[in-house]
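Both counts, for ligands and for their atoms, begin at 1 and track the order of listing. Numbers here are sequence positions counted from 1.
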Amino acid sequence: MPDKIPYLDLPAQIRSVRKEIDAAIARTLDNCSFCLGPDVTQFEKDFAKFCGAQHCIAFNSGTSALHIALILLGAGPGDEVITTPYTFVATSWAISYVGAKPVYVDTEDGTMNLDPKLVERAITTKTRAVMPVHLYGQPFDIDPILEICRKHKLPLVEDSAQAHAAKYKGKSIGTFGEISCFSFYPGKNLGAAGEGGALVTNNTAFAARAKSLREHGSTVRYYHDEVGFNYRMEGIQGAVLGVKLPHLQKWTNERRRVAHRYHELLRDTPLQLPREAAYAESAYHLYVVRHPQRDKLKEHLDANGVGCALHYPLPLHLQKCYASLGHKPGDFPMAEKAARECLSLPIYPELTDAQIQRVVEVIKDFFKK
Ligand SMILES: Cc1ncc(COP(=O)(O)O)c(C=O)c1O
């Protein structure tokens with residue numbers, strides 16, 4: 001049987017930058033700059049520049065960054081935040097952590113991103129923010145959502161956890177909303193050697209408060225202005241991210257190469273392929289195909305040594321943790337359909353053409369049966 005094709009090949013990426021990472025980690029150990037420190041500060045500057053933003057504040061995870069974003073926007077108990085039910089659960093955690101209520105709006109069938117046409121009718125007097133996700137690395141349709149936000153004087157938060165280096169109408173995502181939040185979880189397009197996250201913003205007051213909130217609500221040691229958190233990025237993560245950031249654009253181009261090759265080779269199969277919207281330049285964090293017989297196809301790929309995964313098998317409104325919201329099947333039909341049909345194929349910068357062809361061959365073999 002041909003070699004297995006892993007769903008994700010993190011060792012391949014680490015190998016390509018291993019020497020620099022070893023040196024960066026050694027430097028952190030020599031300096032003992034374990035919590036924040038010079039490498040984190042430098043990474044914040046570089047990542048802000050990469051996003052075209054004035055400020056970047058680094059955190060210990062993307063979830064923490066989202067949590068702080070909603071605190072900065074003043075969301076709290078009794079408030080509502082509009083978001084998508086079809087995302088990783090952390091988008092909703094941030095809303096729950098501040099005591100607000102996630103108000104879900106269904107997704108578009110094609111992009112699986114929040115449907116701009118449905119946003120306005122979800123707004124109430126309690127709405128405090130709108131927080132869509134650039135799902136799978138493809139920007140959501142920002143302009144119509146921004147227009148609604150402006151009309152109702154609501155801030156937009158971009159959950160950019162999956163979309164480093166993605167572009168909307170030619171411009172990098174990250175500064176369209178008041179705040180944009182990124183994750184550097186190891187499997188992300190820009191991944192740390194552990195947990196990590198950041199928020200970027202052009203709002204100087206937000207940046208200053210975010211720095212204080214991540215460090216126990218303090219700007220002067222042992223003086224605490226408000227109840228804060230220990231959400232600091234570790235020095236080692238700043239050092240590793242500093243090594244990887246200069247490669248991000250090249251790695252994104254490689255992801256796009258893989259995606260285009262899949263498009264070409266899978267065009268004549270019964271699969272619904274990911275559609276890149278005209279406004280979008282996707283960072284292809286994931287390459288998600290769809291088919292009603294998804295479970296059988298997954299079994300077939302697994303049995304033939306092709307790694308694949310589900311993002312996401314159950315939308316958030318149907319999760320046990322959100323049962324108290326009182327949703328039922330059928331409330332968000334597009335998200336539910338996507339959850340039934342989605343299948344993520346291997347995609348990473350190091351995936352070779354031979355590996356892509358093998359994935360395609362196994363898929364075609366399934367449909368021949
Ligand atoms: C859409 C989305 N939002 C938020 C997060 C949370 O990021 P983290 O895992 O760094 O806390 C993730 C990733 O895990 C994500 O994919």
Checklist entry - What are the atoms of ligand 1, with element, lying closer than 4.0 Å to any heavy atom of G196? => result 10 (O)
Item to check | Protein contact to atom 13 (C) of ligand 1 [nearest heavy atom, distance to 0.1 Å] | outcome: K188 NZ, 2.7 Å
Checklist outcome for this item: Of H67, E195, Q162, H285, the one whose closest heavy atom lies nearest atom 16 (O) of ligand 1 is Q162
Checklist entry - Hey, are K171 and E281 close enough for a salt bridge, meaning a charged N less than 4.0 Å from a carboxylate O? => result no
Checklist entry - Could you walk me through whether Y136 and Y284 pass the ring-ring contact (aromatic ring centres under 6.0 Å, His included) check? => result CA-CA 6 Å; Y136 307 149; Y284 282 107; 9.8 Å; no
Checklist entry - Does E361 come within less than 4.0 Å of R358, counting only side-chain N to carboxylate O? => result yes
Item to check | Sub-4.0 Å atoms of ligand 1 with respect to non-hydrogen atoms of T87 | outcome: 1 (C)
Checklist entry - Does W93 share a hydrophobic cluster with L135, counting links as ILVMFWY side-chain heavy atoms below 4.5 Å and allowing steps through other members? => result yes
Next on the checklist: I'd like to check which ligand 1 atoms, numbered from 1 as shown, lie under 4.0 Å from a non-hydrogen atom of T91.
Outcome noted: 1 (C), 3 (N)
Next on the checklist: So E341 and H291, do their side chains get closer than 4.5 Å, heavy atoms only?
Outcome noted: no
Next on the checklist: Return the closest protein heavy atom for atom 2 (C) of ligand 1 as residue, atom name and distance.
Outcome noted: A161 CB, 3.4 Å
Checklist entry - Checking ring-ring contact (aromatic ring centres under 6.0 Å, His included) for the pair Y322/H317: CA distance, chi angles, key distance, verdict? => result CA-CA 6 Å; Y322 282 123; H317 66 287; over 10 Å; no
Item to check | Distance from atom 9 (O) of ligand 1 to nearest protein heavy atom, with residue and atom | outcome: S183 OG, 3.9 Å
Item to check | L66 contact mode with ligand 1 (heavy-atom cut-off under 4.0 Å) | outcome: side chain
Checklist entry - Would a hydrophobic clustering, with Ile, Leu, Val, Met, Phe, Trp and Tyr connected at side-chain separations under 4.5 Å, put Y312 with L66? => result no
Next on the checklist: Show the atoms of ligand 1 that are less than 4.0 angstrom away from any heavy atom in V133.
Outcome noted: 1 (C)
Checklist entry - Do any nitrogen or oxygen atoms of A90 lie less than 3.5 angstrom from nitrogen or oxygen atoms of ligand 1? => result no
Item to check | Numbered atoms and elements of ligand 1 in range of G62, under 4.0 angstrom, heavy atoms | outcome: 7 (O), 8 (P), 10 (O), 11 (O)
Checklist entry - Going by the atom numbers of ligand 1, which of them fall below 4.0 Å from some non-hydrogen atom of D159? => result 1 (C), 2 (C), 3 (N), 4 (C)
Checklist entry - Which one holds for T63 and ligand 1: side chain close, backbone close, both close, or neither close, with close meaning a heavy atom under 4.0 Å? => result both
Checklist entry - CG of D3: more than 12 outside heavy atoms within 6.0 angstrom? => result no
Item to check | Carboxylate-amine/guanidinium proximity below 4.0 Å for E299 and K296 | outcome: no
